[in-house]
Amino acid sequence: MPTSSASTTDSARSSANGGVQSLERAFDLLERMADAGGEVGLSELSASSGLPLPTIHRLMRTLVACGYVRQQPNRRYALGPRLIRLGESASRLLGTWARPYLARLVEETGETANMALLDGDEIVYVAQVPSKHSMRMFTEVGRRVLPHSTGVGKALLASFPAEEVRALLHRTGMPAATEKTITTPDGFIAALEDVRRQGYAIDDNEQEIGVRCLAVSVPDSPTAAAISISGPAGRVTEAATDKIVPVLQQVAAELSEALASQSPAS
């Protein structure tokens, strides 16, 4: 039987910018769920998005059927396991995009360059370009570490409210990687204040004795990201820091622009 034009649903209706409205709404709901910690109720989504409950319920039913959302026993909705594969693939692609910028960091600073993301409560390294020095730092891509003992962790968490940082530290604990690791929440919060004041973060023998790391966050990254250089403490000195930090900040800004150009809003 022919379908009348009056029965057209969101799934077939295009938005003003040429996109499919139901897809835009579904992705908006997923992002709102992520911002809320990964689990929400329908009424919360309705309040934050402005969409009517029936529309949200229909979209969530579709996302559940596809595995991108799951319904909890308490009737709330949580991000689903199928998103993990998408996230891992996107992280690898983000690392691929970043490699030319990391290579430039190596050329200009002489030290190993890294890119890391905040994944849950952990730092995961997604890209690295090694130094050309025979004595150089190496971090395996895919390695996960706790944020409190790394420069990239400090750079990433510096923009978070103090209560969220304390909650994360409570969940992970603050084990000492070296004798110089910060192991108290108050000490780490103070270190984040230094990051905000200075515009960069330092790991001074805190993850590994004899190694210093300088890191900055990537502004407006689609996911929390930071880039860093790491090298022997004898080379990454205070004097070297004054020269390296402006390069880090410039490359982070250029990487931010490159990532923005990949987004639909550009």
Side-chain angles (χ1 to χ4, degrees), residues 34-38 102 105 109 111-126 128 137 139 143-253 255-256:
D35 290 342
L102 300 184
L105 272 179
T109 69
E111 304 300 343
T112 295
N114 307 281
M115 183 178 192
L117 309 180
L118 183 64
D119 184 21
D121 290 346
E122 297 178 315
I123 297 298
V124 58
Y125 289 91
V126 296
Q128 180 179 85
M137 302 303 105
T139 298
R143 181 189 179 198
R144 291 175 174 271
V145 296
L146 296 180
H148 72 282
S149 60
T150 64
V152 285
K154 292 175 188 173
L156 288 168
L157 291 179
S159 62
F160 282 51
E163 60 271 19
E164 289 187 23
V165 175
R166 289 183 185 275
L168 182 151
L169 297 175
H170 178 73
R171 291 191 298 269
T172 63
M174 301 184 70
T178 75
E179 61 191 28
K180 296 197 69 176
T181 305
I182 299 171
T183 56
T184 66
D186 286 346
F188 191 71
I189 293 295
L192 296 186
E193 291 175 359
D194 290 339
V195 174
R196 290 188 287 270
R197 177 175 51 81
Q198 297 171 160
Y200 66 94
I202 303 175
D203 159 11
D204 188 2
N205 296 270
E206 296 162 51
Q207 180 66 30
E208 185 177 347
I209 292 296
V211 177
R212 293 185 89 229
C213 169
L214 305 173
V216 298
S217 62
V218 178
D220 303 317
S221 175
T223 187
I227 58 174
S228 68
I229 64 91
S230 55
R235 287 204 305 259
V236 187
T237 61
E238 292 295 336
T241 297
D242 292 339
K243 298 177 181 178
I244 292 172
V245 167
V247 178
L248 266 173
Q249 293 170 331
Q250 178 63 32
V251 171
L255 177 55
S256 174

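Keep in mind that this is a model prediction, so the values were computed, not measured.
- Atom CD1 of Ile244 is separated from atom CG of Leu105 by 9.5 Å, given to the nearest 0.5 angstrom.
- Between Glu238 and Arg212, at least one side-chain N (NZ, or NE/NH1/NH2) sits under 4.0 Å from a carboxylate O, which counts as a salt bridge.
- The distance from the OG atom of Ser149 to the CD atom of Glu208 is 11.0 Å, given to the nearest 0.5 Å.
- A pairwise comparison of heavy atoms in Asp194 and Arg197 identifies OD1-NH2, 3.0 Å as the closest pair.
- Side-chain contact check for Ser159 versus Arg196: every heavy-atom pair is 4.5 Å or farther apart.
- Considering all non-hydrogen atoms of both residues, Asp203 and Gly151 come closest at CB-N, 3.4 Å.
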Worked check of side-chain contact (heavy atoms from CB on, under 4.5 Å) between Lys154 and Glu206:
CA-CA 12 Å; Lys154 292 175 188 173; Glu206 296 162 51; 2.8 Å; yes
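- The line from CD of Gln128 to OG1 of Thr112 is 5.5 Å long, rounded to the nearest 0.5 Å.
- Taking both residues in full, the closest heavy atoms of Ala116 and Leu156 are given as O-CD1, 4.3 Å, listed atom of the first, atom of the second, then distance.
- A donor-acceptor pair shorter than 3.5 Å cannot be found between the side chains of Gln207 and Thr150.
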Val216 vs Ile227, test: side-chain contact (heavy atoms from CB on, under 4.5 Å). Steps then yes/no.
CA-CA 6 Å; Val216 298; Ile227 58 174; 3.9 Å; yes
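- Rounding to the nearest 0.5 Å gives a distance of 6.5 Å between CG of Asn205 and OG1 of Thr178.
- The CD atom of Glu164 lies 9.5 Å from the CG atom of Leu157; values are rounded to the nearest 0.5 Å.
- Asp121 approaches Leu146 most closely through the heavy-atom pair O-CD2, 4.5 Å.
- A heavy-atom distance below 4.5 Å is not found between the side chains of Phe160 and Leu192.
- With values rounded to the nearest 0.5 angstrom, Leu118 atom CG is found 11.0 Å from Ser221 atom OG.
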Trace of the side-chain contact (heavy atoms from CB on, under 4.5 Å) decision for Ile202 with Leu214:
CA-CA 5 Å; Ile202 303 175; Leu214 305 173; 3.9 Å; yes
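- A 6.0 Å sphere centred on CG of Asp220 holds no more than 12 heavy atoms belonging to other residues, nucleotides or ligands.
- When atom types are taken as modelled, the side chain of His148 and the backbone of Pro175 share a donor-acceptor pair closer than 3.5 angstrom.
- Taking each heavy atom of Ala226 and Ala155 in turn, the nearest pair found is CB-CB, 4.2 Å.
- Heavy-atom neighbours of Glu179 CD from other residues, nucleotides or ligands within 6.0 Å: at or below the threshold of 12.
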Test side-chain contact (heavy atoms from CB on, under 4.5 Å) on Leu168 and Phe188 and set out the steps.
CA-CA 12 Å; Leu168 182 151; Phe188 191 71; over 6 Å; no
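- Side-chain contact between Met115 and Leu255 is present, with at least one heavy-atom pair separated by less than 4.5 Å.
- For the pair Ser228 (side chain) and Cys213 (backbone), a donor-acceptor distance under 3.5 Å is absent.
- Of all the heavy atoms in Gly187 and Ile182, the pair that sits closest is C-CG2, 3.6 Å.
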